[in-house]
Engineer: 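Please read through the structure below; I'll follow up with questions.
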Amino acid sequence: MNLASLDLNLVVALRALLEERNVTRAGQRVGLSQPAMSAALARLRRHFDDDLLARVGGHYELTALGQVLLDRTSTACDLLERLFSSQADFDPAKESREFRLLASDYAVSVFGAELARVVHEEAPGIRLRFTQTPPTVVDDTATLLSATDGLLMPHGVISGFPATDLYEDRWVFLVAEGHPTVTDRLTRRDLARLPWVTYQRTYDAPAVRQLGMLGIEPRVEVSVDSFQLLPHLVAGTRRIALVQARLARLLAPVAAVRVVEPPYEAVPVREALWWHPVHTHDAAHIWLRETAARVGERLAETGAGECPARTGDGEGPA
């Protein structure tokens, strides 16, 4: 496909048509008359050799190819917008723009809140938009990164993209206050026999893989897509949950839970800011990455919080 032979204005028209599924509304959205948008649809149909929009009764529905193009067109438009908004110089005190970052609620609570505070002080015209990391991040990393400004995620989940290390954290367990069988420590037998509450996504893959290598198969009773919900689902039950120490320090006061060290040497959490290479030399993104690195250094100086020290060898009776 020769891009020089294509009218890239059709990308904007295609997105509007696929999302609105109505020629008139699509034209109003992009500032084209109804005849002009109908002409654009005709050109697109010839190019793809597909109707894209098929009339069903009194409305239009997407064809199979139209459905495939829906997400791809959105990603392409986002990438083009970022490409043509690239800057040689960037003055954070004067600029007005939005940065979109993919992140878990853990990353937003522990790191994003401090980053937002610093940005508020240094760049009042800059907006941050944190969006939950989708499950497709591992399978379609390049597409996701190309349409966003960065991804907050620990090492060990994705690779092959540039990243700036931010800070380290560690894994601890949450147990209910007054747990009937767990006192000041957990054993590996406890991990196998007690019910778990887990973060249902796979982004803590290194920690999950480590459990498997130790021969521990968590008996999952509840799973959620928010780390911040874990304490509430542990309190008043026999359940346990694996959570990052920095977040545990923030959340422990909100529920009747205790923090207990793992009965093994848990793999550390090395949080990083990942980005697509297309952003590497953009002045605005360089500022964002440098600001994130400064915030990460401040967090690194505070440590991951003090939790009770392990006692014994962790292999005592259940």
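The first residue of the sequence shown is numbered 1, and numbering continues consecutively from there. All heavy atoms count here, side chains included; hydrogens, waters and symmetry mates do not.
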Engineer: Take R185 and E261, measure what side-chain contact (heavy atoms from CB on, under 4.5 Å) needs, and give me the verdict at the end.
Structural biologist: CA-CA 7 Å; R185 67 189 181 106; E261 290 284 349; over 6 Å; no
Engineer: Which atom names give the shortest non-hydrogen contact between T63 and A54, and what distance separates them?
Structural biologist: CG2-CB, 4.1 Å
Engineer: Verify side-chain contact (heavy atoms from CB on, under 4.5 Å) between L128 and R100, making sure each step is shown before the conclusion.
Structural biologist: CA-CA 6 Å; L128 298 177; R100 180 186 173 211; over 6 Å; no
Engineer: Calculate, to the nearest 0.5 Å, the distance between atoms CG and OG1 belonging to L144 and T133 respectively.
Structural biologist: 9.0 Å
Engineer: Test the R289-W275 pair against the cation-pi criterion, namely NZ or CZ under 6.0 angstrom from the six-membered ring centroid and within 45° of the ring axis.
Structural biologist: yes
Engineer: How far apart are the closest heavy atoms of H279 and L145, and which atoms are they?
Structural biologist: NE2-O, 3.8 Å
Engineer: So, applying side chain to side chain contact (heavy atoms under 4.5 Å, CB included) with L101, which one of L115, V108, T131 is it?
Structural biologist: L115
Engineer: Determine whether the aromatic ring centres of residues W274 and H155 are separated by less than 6.0 angstrom.
Structural biologist: yes
Engineer: Under a plain distance cut-off of 3.5 Å, with no hydrogens placed, do D149 and H285 share a side-chain donor-acceptor pair?
Structural biologist: yes
Engineer: Start with the C-alpha distance between Q244 and V110, add both sets of side-chain angles, then the distance that settles side-chain contact (heavy atoms from CB on, under 4.5 Å), and finish with yes or no.
Structural biologist: CA-CA 10 Å; Q244 304 89 341; V110 170; over 6 Å; no
Engineer: Counting only pairs under 3.5 Å, give me each side-chain donor-acceptor contact of residues 67-74, with atom names and distances, residues two or more places apart or in other chains.
Structural biologist:
from	atom 1	to	atom 2	distance (Å)
T73	OG1	L69	O	2.6
S74	OG	R15	NH2	3.4

Engineer: Which side-chain N or O atoms in residues 221-230 pair as donor and acceptor under 3.5 Å with protein atoms at least two apart or in another chain?
Structural biologist:
from	atom 1	to	atom 2	distance (Å)
E221	OE1	R239	NE	2.7
E221	OE1	R239	NH2	3.3
S226	OG	D105	OD2	2.8
S226	OG	Q228	N	3.3
Q228	NE2	S109	OG	2.7

Engineer: Tell me the closest heavy-atom pair linking D169 and A245, and the distance in Å.
Structural biologist: OD1-N, 3.3 Å
Engineer: Cation-pi between R97 and F99: NZ/CZ under 6.0 Å from ring centre and within 45° of the ring axis?
Structural biologist: yes
Engineer: Where does the angle between the aromatic ring planes of F90 and W287 fall among parallel (under 30°), tilted (30 to 60°) and perpendicular (over 60°)?
Structural biologist: tilted
Engineer: Report yes if the distance between the aromatic ring centroids of Y264 and W171 is under 6.0 Å, otherwise no.
Structural biologist: no
Engineer: Going by distance alone, is a donor N or O of one side chain under 3.5 Å from an acceptor N or O of the other, for Y60 and R55?
Structural biologist: yes
